[in-house]
Student: 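Below is the structure I would like to discuss, written out as structure tokens.
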Amino acid sequence: MIRLQREPIDYGTLVESVRRTTAGAVVLFLGTVRELTDGRVTVALEYEAYDRLAEKQLAAIEQEIRSRWQVTDVAMVHRLGRLEPGEISVAVVVSSPHRQDAFLAARHAIERIKQVVPIWKKEHWSDGSSEWIHPQEPIADPLHLPQS
Amino acid sequence: MIRLQREPIDYGTLVESVRRTTAGAVVLFLGTVRELTDGRVTVALEYEAYDRLAEKQLAAIEQEIRSRWQVTDVAMVHRLGRLEPGEISVAVVVSSPHRQDAFLAARHAIERIKQVVPIWKKEHWSDGSSEWIHPQEPIADPLHLPQS
Amino acid sequence: MTVRVLLFARARDLAGTDTLTLETPAGATLRQLRDELARRFPALADFLPRCQLAIHDTLADDRTLVPDNATVAVLPPVSGGMM
Amino acid sequence: MTVRVLLFARARDLAGTDTLTLETPAGATLRQLRDELARRFPALADFLPRCQLAIHDTLADDRTLVPDNATVAVLPPVSGGMM
């Protein structure tokens with residue numbers, strides 16, 4: 001299951017959605033808004049997406065992890081809009097018969113989400129300034145995903 | 001937080017207990033009772049522990065992962081008693097400022113729990129038979145943990 | 001030929017709008033569309049080379065022809081990095 | 001010298017009890033305690049070498065002297081393996 005949403009992420013519902021009696025291992029990753037980055041205080045993060053491409057890329061990531069590991073089910077949800085420190089911005093949960101697969105697939109999914117899904121974040125600092133976070137390097141890791 | 005308990009594991013409470021605004025990454029592992037093992041149907045698993053040593057070993061695993069990765073907080077809970085397919089037998093949750101640390105520490109913790117914590121399981125099969133699961137090899141991986 | 005352009009994140013802030021319509025000659029490529037965007041929004045000119053473009057929901061390189069009635073999205077680098 | 005012995009999992013099933021009291025001579029080692037257990041519970045004899053022993057909550061090897069009033073736990077191999 002793949003979703004972009006403005007409402008808070010209910011990870012319990014996500015975990016329950018992937019649990020099966022055939023899958024003895026479940027791994028959940030949560031990304032939450034940190035209050036401090038390099039000594040600067042965040043008052044809020046703002047997430048914005050190009051929804052239709054983001055959903056397509058998430059679906060491609062699902063295919064990618066299903067092709068590489070034994071994945072019983074997977075859910076990936078990213079939150080959009082304004083979040084305060086401590087709130088959950090992204091959740092990935094994978095169930096598998098094998099814990100190694102569950103760990104590796106969940107890890108890979110979140111790494112790929114960070115690389116290839118068009119979702120951007122804007123930092124709102126405690127001094128009143130704000131800035132979009134775009135890596136400064138030329139695009140080393142393009143948004144392309146191999147077609148499965 | 002470390003606990004052995006007979007009550008169902010409420011992983012939501014565990015996740016909330018390790019969340020911090022200083023830790024942007026949370027990884028939860030759940031082990032659940034599988035219904036099928038090599039084609040045989042499990043009707044229940046029974047977990048038994050030597051409590052005082054199990055708690056000591058879990059505390060040593062916590063020290064071990066804290067010494068190797070940046071762990072903001074960790075919770076490890078193992079359930080005891082009779083569990084049916086689908087129920088959660090073990091939960092590990094780690095929070096960290098870095099997702100790599102959260103993944104590696106959670107993974108290591110569950111591997112070590114399987115190796116060095118004196119908790120045993122008895123399979124109750126659908127044909128009415130039952131058996132304790134003890135690896136058949138001589139003890140390759142003793143219960144000893146390095147002292148930290 | 002009419003093209004709808006969607007702008008995101010810093011590209012949107014620099015252009016001052018999240019959506020706009022461009023008229024381009026038939027047979028125009030994404031390269032030419034980039035040039036036209038930079039002309040209309042000088043503040044965007046320096047940042048645009050760091051952005052990828054997509055036609056509808058498909059990433060496309062600069063030689064791609066822009067179809068009529070296309071929606072072209074201007075996609076800044078994604079946040080990536082540490083969490 | 002009195003020693004309390006705790007048995008777990010298959011060791012308990014084989015012995016038919018989860019706890020028992022042994023009298024051992026002063027200066028007895030865990031090795032001697034193993035031998036005594038095997039004598040009293042022949043069904044346990046084959047399985048016992050695969051078990052570790054702990055004195056109170058500390059794992060101990062067979063040369064360790066058994067303190068008076070010790071609690072010795074007989075620990076079968078843990079389940080480990082795949083999940």
Side-chain angles (χ1 to χ4, degrees), chain A residues 9-16 18-39 41-45 72-73 83-114 121, chain B residues 9-16 18-39 41-45 72-73 83-114 121:
Chain A
I9 293 175
D10 175 3
Y11 60 84
T13 300
L14 299 179
V15 168
E16 293 310 306
V18 305
R19 281 179 60 186
R20 301 284 189 286
T21 59
T22 53
V26 176
V27 171
L28 168 71
F29 173 82
L30 298 177
T32 68
V33 178
R34 273 194 310 195
E35 187 148 32
L36 278 175
T37 303
D38 301 330
V41 176
T42 298
V43 295
L45 281 186
T72 305
D73 204 359
L83 279 69
E84 294 187 359
E87 289 194 86
I88 299 166
S89 56
V90 59
V92 172
V93 57
V94 173
S95 59
S96 171
H98 308 291
R99 59 181 183 270
Q100 160 145 318
D101 289 56
F103 273 107
L104 294 178
R107 178 80 199 275
H108 187 78
I110 185 63
E111 297 300 329
R112 296 298 274 158
I113 288 172
K114 298 276 166 183
K121 69 177 175 188
Chain B
I9 292 175
D10 175 3
Y11 59 84
T13 300
L14 299 180
V15 168
E16 294 309 307
V18 304
R19 280 180 60 189
R20 302 282 189 286
T21 58
T22 52
V26 176
V27 171
L28 167 71
F29 172 82
L30 297 177
T32 67
V33 177
R34 275 193 310 197
E35 187 148 34
L36 278 175
T37 303
D38 301 329
V41 176
T42 298
V43 295
L45 282 186
T72 303
D73 203 358
L83 279 70
E84 295 187 358
E87 290 195 84
I88 298 165
S89 56
V90 60
V92 172
V93 56
V94 173
S95 60
S96 171
H98 308 292
R99 59 181 182 272
Q100 159 145 317
D101 288 56
F103 273 107
L104 294 178
R107 176 82 200 274
H108 187 78
I110 185 63
E111 297 301 328
R112 295 298 274 161
I113 287 171
K114 298 276 168 185
K121 69 176 175 190

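Every value quoted in this text rests on a predicted model; they were computed, and no experiment measured them. All chains are named by letter (A, B, ...) in the order of the sequence lines, taking the proteins before the strands, and each is independently numbered beginning at 1.
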Student: Examine distances only and state if a side-chain atom of A:Thr21 and a backbone atom of B:Val33 form a donor-acceptor pair shorter than 3.5 Å.
Tutor: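 The answer is no, because no donor-acceptor pair under 3.5 Å joins these two groups.
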Student: Any idea which heavy atoms bring A:Ala25 and B:Phe29 closest together, and the distance?
Tutor: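 What the structure gives for the nearest pair is CB-CE1, 3.7 Å.
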Student: If only atom types and distance count, is the side chain of B:Tyr11 paired as donor or acceptor with the main-chain N or O of A:Val15 below 3.5 Å?
Tutor: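 Not at all, since once roles are kept as given, no pair shorter than 3.5 Å links the two residues.
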Student: Hey, could you give me the CG/CZ distance between B:Leu30 and A:Arg19, rounded to the nearest 0.5 Å?
Tutor: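 Answer for the CG-CZ pair, B:Leu30 versus A:Arg19, is 7.0 Å.
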Student: In terms of heavy-atom proximity below 4.5 Å to chain A, should B:Ala91 be classed as side chain, backbone, both, or neither?
Tutor: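 Nothing of B:Ala91, per the 4.5 Å heavy-atom cut-off to chain A.
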Student: Distance-only, no hydrogens or angles: does the A:Thr22 side chain make a donor-acceptor pair with backbone N or O of B:Leu36 under 3.5 Å?
Tutor: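 Absent.
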Student: Name all residues meeting the side-chain contact (heavy atoms from CB on, under 4.5 Å) criterion together with B:Arg107; count only those two or more places apart in sequence or in a different chain, and write none if there are none.
Tutor: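 In terms of side-chain contact (heavy atoms from CB on, under 4.5 Å), with neighbours along the sequence ignored, B:Arg107 is linked to A:Gln100, A:Phe103, B:Glu111.
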Student: Using side-chain hydrogen bond (donor to acceptor under 3.5 Å, both in side chains) as the criterion, list what pairs up with B:Thr42, not counting sequence neighbours.
Tutor: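 Listed in chain order: B:Glu123.
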Student: Determine the option with the most heavy-atom pairs under 4.5 angstrom with chain B, choosing from A:Gly86, A:Ser95, A:Ala102.
Tutor: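 With the most close heavy-atom pairs to chain B, the winner is A:Gly86.
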Student: Side chain to side chain contact (heavy atoms under 4.5 Å, CB included), that's the test. Do B:Val27 and A:Leu28 meet it? Break it down for me.
Tutor: CA-CA 6 Å; B:Val27 171; A:Leu28 168 71; over 6 Å; no
Student: Say you draw a straight line from CZ of B:Arg99 to CD1 of A:Ile110; how long is it, rounded to the nearest 0.5 Å?
Tutor: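 Spacing of CZ (B:Arg99) from CD1 (A:Ile110) equals 6.0 Å.
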